[in-house]
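Beneath this line is the structure, given in structure tokens, with notes to follow.
The chains referred to below are lettered A, B, ... by the order of the sequence lines, with proteins before strands, and numbering in each begins at 1.
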2 protein chains.
Amino acid sequence: MAKPKKTPRPKAETPKGFRDYFGAEVTQRTEMLRTIAGVYHRYGFEALESSAVETVEALGKFLPDVDRPNAGVFAWQESEEEGAGDWMALRYDLTAPLARVYAQHSNDLPTPYRRYAMGPVWRNEKPGPGRYRQFYQCDADTVGSASMAADAEICAMLSDTLEGVGIPRGDYVVRVNNRKVLNGVLETMGLVDDDQRAAVLRTIDKFDKVGADGVSELLGKGRLDASGAFIDGVGLSEAQMRPVLEFIDYFNVVQDELSLEASRAYDEGNNDRGTQLDNARYAVSPEFKADPVAYDPDALNIWNTRVFDHLKRIVGNSVIGFQGIDELREIFELLGAQGYGADRIRIDPSVVRGLGYYTGPVFEAELTFEILDEKGRKRQFGSVAGGGRYDDLVARFTGQSVPSVGVSIGVDRLLAALREKGRIQAVEHGPVVVTVMDRDRMADYQAMVAELRNAGIRAEVYLGNPKNFGNQLKYADKRNSPVAVIEGGDEKANGVVQIKDLILGAQIAASATLEEWKERPGQYEVARSDLVAKVREILAGQAG
Amino acid sequence: MAKPKKTPRPKAETPKGFRDYFGAEVTQRTEMLRTIAGVYHRYGFEALESSAVETVEALGKFLPDVDRPNAGVFAWQESEEEGAGDWMALRYDLTAPLARVYAQHSNDLPTPYRRYAMGPVWRNEKPGPGRYRQFYQCDADTVGSASMAADAEICAMLSDTLEGVGIPRGDYVVRVNNRKVLNGVLETMGLVDDDQRAAVLRTIDKFDKVGADGVSELLGKGRLDASGAFIDGVGLSEAQMRPVLEFIDYFNVVQDELSLEASRAYDEGNNDRGTQLDNARYAVSPEFKADPVAYDPDALNIWNTRVFDHLKRIVGNSVIGFQGIDELREIFELLGAQGYGADRIRIDPSVVRGLGYYTGPVFEAELTFEILDEKGRKRQFGSVAGGGRYDDLVARFTGQSVPSVGVSIGVDRLLAALREKGRIQAVEHGPVVVTVMDRDRMADYQAMVAELRNAGIRAEVYLGNPKNFGNQLKYADKRNSPVAVIEGGDEKANGVVQIKDLILGAQIAASATLEEWKERPGQYEVARSDLVAKVREILAGQAG
């Protein structure tokens with residue numbers, strides 16, 4: 001007789017594109033979120049935790065493909081009895097839910113509403129190496145304020161946050177631009193075709209990577225990239241693209257202008273003026289990071305003013321462009337008054353930010369130190385946070401425009417950066433392990449760990465099969481335990497315990513001779529009553 | 001000409017059964033999770049964060065309805081190009097994902113593997129008042145240890161955790177039972193029908209609510225409940241149900257037995273023995289909480305031994321029942337050796353725990369203080385955590401049984417309990433608000449908040465339209481701000497600022513006469529340079 005067919009065992013696998021986080025990966029992220037929340041809170045922002053699930057209707061407009069609710073997000077239909085077949089979806093960011101929350105609760109919320117939110121978001125995208133379908137975001141937004149002071153505040157807070165989590169000043173920079181200025185450039189160029197306008201913005205966004213010549217090629221006929229592939233150009237004439245090229249070349253233009261004026265001032269014997277102009281050049285020069293000068297508000301004001309003047313020369317006939325420059329000026333005046341110099345926050349007309357919904361200032365925090373990529377090549381770490389002003393998200397629900405500005409920090413990238421720089425250890429010490437020499441005396445061993453824990457020391461008793469003592473030490477090793485405690489029958493009879501310094505033991509073992517090894521390096525016999533004191537002493541020595 | 005039809009605006013609504021959490025609701029939960037994680041960590045447990053999404057295959061067995069993956073969980077099918085139409089789902093607890101993680105990563109994980117996890121879980125159930133479809137769990141499990149020391153440790157840790165978050169000893173109790181003992185009772189009764197066995201367990205679970213008489217009715221012909229509805233009984237004969245009734249009546253049986261023996265001892269002039277037996281009775285008496293005696297291990301040992309003897313008399317012919325009692329005895333010996341008395345953890349044979357997968361010890365933490373329900377009636381707060389031993393979850397994936405034990409804390413219920421008891425405030429003070437008297441001097445106001453924040457004081461500048469000063473004070477009120485700072489043109493000219501103590505102001509305003517009110521109660525004029533010092537002084541006064 002045939003046996004009944006068994007149900008096959010399920011596969012023990014994370015779904016494709018998802019992953020598990022273990023130990024320090026989790027606790028370090030939690031600690032970082034706590035630090036960030038502390039800064040946000042000090043700035044007056046209130047915590048908000050919306051549910052992970054939203055109606056597709058509420059998220060809808062920003063999905064890549066409105067006809068297929070499944071594209072881009074993880075979505076499902078409510079069973080009929082529950083909600084008449086409504087579509088629901090996992091949130092793909094924290095901004096769309098904020099707009100929904102504000103529209104729903106605006107009567108109960110203060111205006112302006114400063115809120116922060118942190119948690120996972122989900123993207124139904126093709127996973128790739130290091131690209132997961134669930135990841136953390138950590139946002140702060142001010143909803144209901146049109147004041148540029150709100151934008152300036154968020155930039156300042158972003159700077160404070162990065163320093164708060166351990167990125168030193170000089171290793172990051174917050175770069176600020178304004179969509180209105182970019183729109184002014186497009187207006188000046190006379191571009192009306194939406195696809196062409198988008199292509200120009202995408203090209204400006206690449207300035208960091210391809211430089212001015214690359215931008216010129218990409219705006220014109222096209223370009224061979226490093227891999228040898230040909231990238232089609234936007235197809236603009238040289239005359240058409242000129243405003244863009246002058247725009248992204250702002251740095252050299254202003255540097256040259258100041259340099260020339262400085263020479264002239266020195267020639268005229270006006271050395272003070274010459275020094276001042278040189279300081280202005282130096283305030284944002286690439287050498288700034290390597291050799292920071294004391295923050296000089298006057299020098300920075302000169303620099304900023306010259307940049308604004310240059311931008312005005314390009315977009316000044318566009319009302320929107322002029323307004324954008326004015327907004328930038330206001331932001332930098334406020335930041336200057338609070339002492340935020342170009343070593344922390346600076347103007348950068350090449351910042352675009354991809355998201356369609358930004359309507360004013362946009363900004364991006366970049367880590368400026370170099371790391372080695374997978375192929376051993378040096379590259380800058382790059383962007384870890386970004387944001388900007390979006391005035392139309394709440395209007396989707398209410399019909400009324402609600403001016404808002406916010407920032408989102410990519411927590412996992414920021415953690416990776418700190419690990420890269422050795423600021424946090426990827427692996428942490430495990431608990432003290434009390435071994436089990438006599439399974440009938442489990443109560444004794446439990447009493448030891450209770451004593452250790454009450455003294456604030458992380459400790460555990462070995463709970464596997466105690467028969468094989470080697471397995472217990474292997475376990476302690478796998479746990480990365482700093483100390484093992486041993487109490488066999490002889491020790492019990494003599495009122496003592498053996499305490500092994502596993503870190504020191506491993507170090508000595510690496511180089512010990514057989515004779516040295518026999519002397520049980522890093523192992524101490526102490527009175528049972530001295531257990532806690534001796535363990536504490538060893539842990540202090542390891543930390544020191 | 002007809003206007004083109006507009007897309008209707010989406011509704012700003014949380015999906016049915018979900019909710020948003022604001023401000024202190026979020027930060028207090030975060031703080032509680034941090035405290036709990038601290039205790040778990042000290043016990044040697046490692047953090048694990050698995051993804052919110054699992055394959056339905058991995059979760060499958062525990063779904064209420066295997067033919068309809070959508071029932072009980074939120075599930076959806078991968079689009080073909082991604083994963084060949086696999087079903088995925090949001091996790092409904094943290095235990096099923098743990099079994100998957102352990103099966104997947106067992107080569108890299110230590111054995112036993114102690115892990116904790118905290119985060120939201122989702123249930124596709126009909127929402128009700130106070131019942132949401134997303135809620136937090138906070139679990140700790142030891143995977144791969146068959147030792148009762150693992151179960152004892154989890155019970156001890158649960159007790160430490162409850163005290164750690166602010167539930168004082170005496171306001172909670174961890175009640176412990178063993179499924180094997182319950183199965184022993186069923187065996188003794190000779191019940192073989194699975195439905196009947198389940199019905200008996202469900203009835204035992206109701207002992208707390210309906211008492212011994214209620215259990216007797218429910219096991220027999222049925223019972224009229226408080227609302228007047230008739231609840232069908234299991235239909236057992238009196239002879240059949242006798243073991244259950246004796247079982248749940250353990251408390252009175254043992255109390256009477258000890259009382260009788262104590263009298264006999266006093267009669268025989270053996271006063272020491274009499275006192276000891278009385279203490280044993282007292283060790284777990286209901287009055288214990290109201291008038292706690294010092295923890296007396298001997299008294300407790302006597303009590304526990306008598307309870308085990310009573311249980312053995314009922315189930316002693318069942319091998320599984322006897323084994324269950326033995327396991328309980330081992331757990332309580334270990335707990336006793338660590339000083340956990342019946343004021344914290346006690347035997348309770350009526351604990352069942354609903355979940356099908358428990359195979360050994362089960363336990364439940366209950367808050368014992370009374371609260372008023374919606375109708376103003378007193379009731380005990382009830383269960384906030386539970387867990388037990390489950391030896392078969394990992395075997396689903398690997399075919400090999402992996403003995404495990406774990407606990408899950410209902411974080412939201414625990415928070416509600418602490419709020420109920422006034423241990424944490426539902427509303428917290430907002431930030432200091434610097435008002436805007438002159439919009440052109442925003443930089444001055446920003447400089448003030450920067451000073452306050454640098455001194456560690458939560459502060460913000462008003463970012464709404466500053467035209468109407470009344471709105472600014474209304475805003476400060478809505479934010480629950482403790483202090484407002486005012487610097488108009490006159491103040492600026494004189495180098496001073498006005499500082500309003502909003503808490504004191506509100507108190508005085510409630511009872512002030514017009515004359516008193518005109519004197520601007522709780523408002524101070526100080527030199528601009530004394531801003532931080534004065535604000536700090538006021539905040540300290542409010543806290544004191």
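- A salt bridge links B:Glu31 to A:Arg34: at least one charged side-chain nitrogen sits closer than 4.0 Å to a carboxylate oxygen.
- The parts of A:Ala52 that come within reach of chain B are both its backbone and its side chain, each placing non-hydrogen atoms under 4.5 angstrom from that chain.
- Proximity to chain B is limited to the side chain of A:Tyr113, based on heavy atoms less than 4.5 angstrom apart.
- Of the two parts of A:Val449, neither the backbone nor the side chain holds a non-hydrogen atom closer than 4.5 Å to a non-hydrogen atom of chain B.
- With a 4.5 angstrom heavy-atom cutoff, A:Ser50 touches chain B via backbone and side-chain atoms both.
- Once rounded to the nearest 0.5 Å, the distance linking CZ of B:Arg453 with CD of A:Glu153 reads 4.5 Å.
- For the set B:Gly17, B:Pro431, B:Ser51, the count of heavy-atom pairs under 4.5 angstrom toward chain A peaks at B:Ser51.
- To the nearest 0.5 Å, the span separating OG1 on A:Thr27 from NE2 on B:His41 amounts to 6.5 Å.
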Please walk me through it: do B:Arg114 and A:Leu463 pass side chain to side chain contact (heavy atoms under 4.5 Å, CB included)? CA-CA 10 Å; B:Arg114 283 177 174 93; A:Leu463 287 180; 3.2 Å; yes

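- Looking at A:Met88, only its side chain comes within 4.5 Å of chain B, counting heavy atoms on both sides.
- For the options B:Tyr21, B:Tyr43, B:Phe18, heavy-atom pairs under 4.5 Å to chain A are most numerous at B:Tyr43.
- Taking A:Arg100, A:Glu54, A:Glu46 one by one and counting their heavy-atom pairs under 4.5 Å with chain B, the maximum is reached by A:Arg100.
- Here OG1 of A:Thr14 is found 4.5 Å from CD of B:Gln104. Values are rounded to the nearest 0.5 Å.
- Contact detail for B:Tyr462 and A:Pro112: the closest heavy-atom pair is CE1-CD, 4.1 Å.
- A:Val461 touches chain B through backbone and side chain together, each having a heavy atom under 4.5 Å away.
- Looking only at heavy-atom pairs under 4.5 Å with chain B, the residue among A:Gly44, A:Ala150, A:Pro97, A:Gly464 that has the most is A:Gly44.
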Evaluate the side chain to side chain contact (heavy atoms under 4.5 Å, CB included) criterion for residues B:Val53 and A:Phe74: first the C-alpha distance (whole Å), next the side-chain angles of each, then the deciding distance (0.1 Å), finally the verdict. CA-CA 10 Å; B:Val53 177; A:Phe74 293 106; 5.5 Å; no

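- The environment of A:Lys478 atom NZ is dense: over 12 non-hydrogen atoms of other residues, nucleotides or ligands sit within 6.0 angstrom.
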B:Asn471 and A:Thr111: side chain to side chain contact (heavy atoms under 4.5 Å, CB included), yes or no, with the steps? CA-CA 10 Å; B:Asn471 279 349; A:Thr111 299; over 6 Å; no

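- Interface remark: A:Ser481 contributes no atoms to any contact with chain B (heavy atom separation under 4.5 Å).
- For A:Asp108, the part sitting under 4.5 Å from any heavy atom of chain B is the backbone (N, CA, C, O) and nothing else.
- Proximity to chain B (any heavy atom under 4.5 Å) is shown, for A:Pro120, by neither the backbone nor the side chain.
- For the set B:Glu330, B:Gln134, B:Arg115, B:Met148, the entry with the most heavy-atom pairs within less than 4.5 Å of chain A is B:Gln134.
- Among A:Ser147, A:Ala149, A:Gly38, A:Ala117, the residue making the largest number of heavy-atom pairs under 4.5 Å with chain B is A:Ala149.
- In terms of non-hydrogen atom pairs under 4.5 Å with chain B, the most contact-rich of A:Glu333, A:Arg19, A:His105 is A:His105.
- Residue-environment remark: NZ (B:Lys474) stays at or below the threshold of 12 foreign heavy atoms within 6.0 Å.
- Note that CH2 of B:Trp76 is 8.5 Å distant from CG of A:Asn124, once rounded to the nearest 0.5 Å.
- Ranked by heavy-atom pairs shorter than 4.5 Å toward chain B, the options A:Asn465, A:Val39, A:Leu48 are led by A:Leu48.
- In terms of the salt bridge (charged side-chain N to carboxylate O under 4.0 Å, His left out) criterion, residue partners of B:Arg29 (sequence neighbours excluded) are, by chain and number, A:Glu49, B:Asp412.
- Between chain B and the residues A:Pro110, A:Gly144, A:Ala450, A:Pro403, the most heavy-atom pairs under 4.5 angstrom are made by A:Pro110.
- For A:Phe45, the part lying under 4.5 angstrom from a heavy atom of chain B is the backbone only.
- Between chain A and the residues B:Pro15, B:Ser145, B:Ala443, the largest count of heavy-atom pairs under 4.5 Å involves B:Pro15.
- Interatomic distance, B:Ile457 CD1 to A:Arg42 CZ, rounded to the nearest 0.5 Å: 11.0 Å.
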Trace of the side chain to side chain contact (heavy atoms under 4.5 Å, CB included) decision for A:Thr55 with B:Glu13: CA-CA 8 Å; A:Thr55 64; B:Glu13 280 177 6; 5.9 Å; no

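- Distance CG/A:Leu335 to CD/B:Gln446: 8.5 Å, rounded to 0.5 Å.
- Note on B:Phe397, B:Tyr445, B:Tyr116: by heavy-atom pairs under 4.5 Å with chain A, the leading option is B:Phe397.
- At a 4.5 Å heavy-atom cutoff, B:Tyr132 makes no contact with chain A through either its backbone or its side chain.
- Residues A:Val101 and B:Phe22 are in side-chain contact: their nearest non-hydrogen atoms beyond the backbone lie under 4.5 Å apart.
- Contact annotation for A:Pro10: both backbone and side-chain heavy atoms come within less than 4.5 Å of a heavy atom of chain B.
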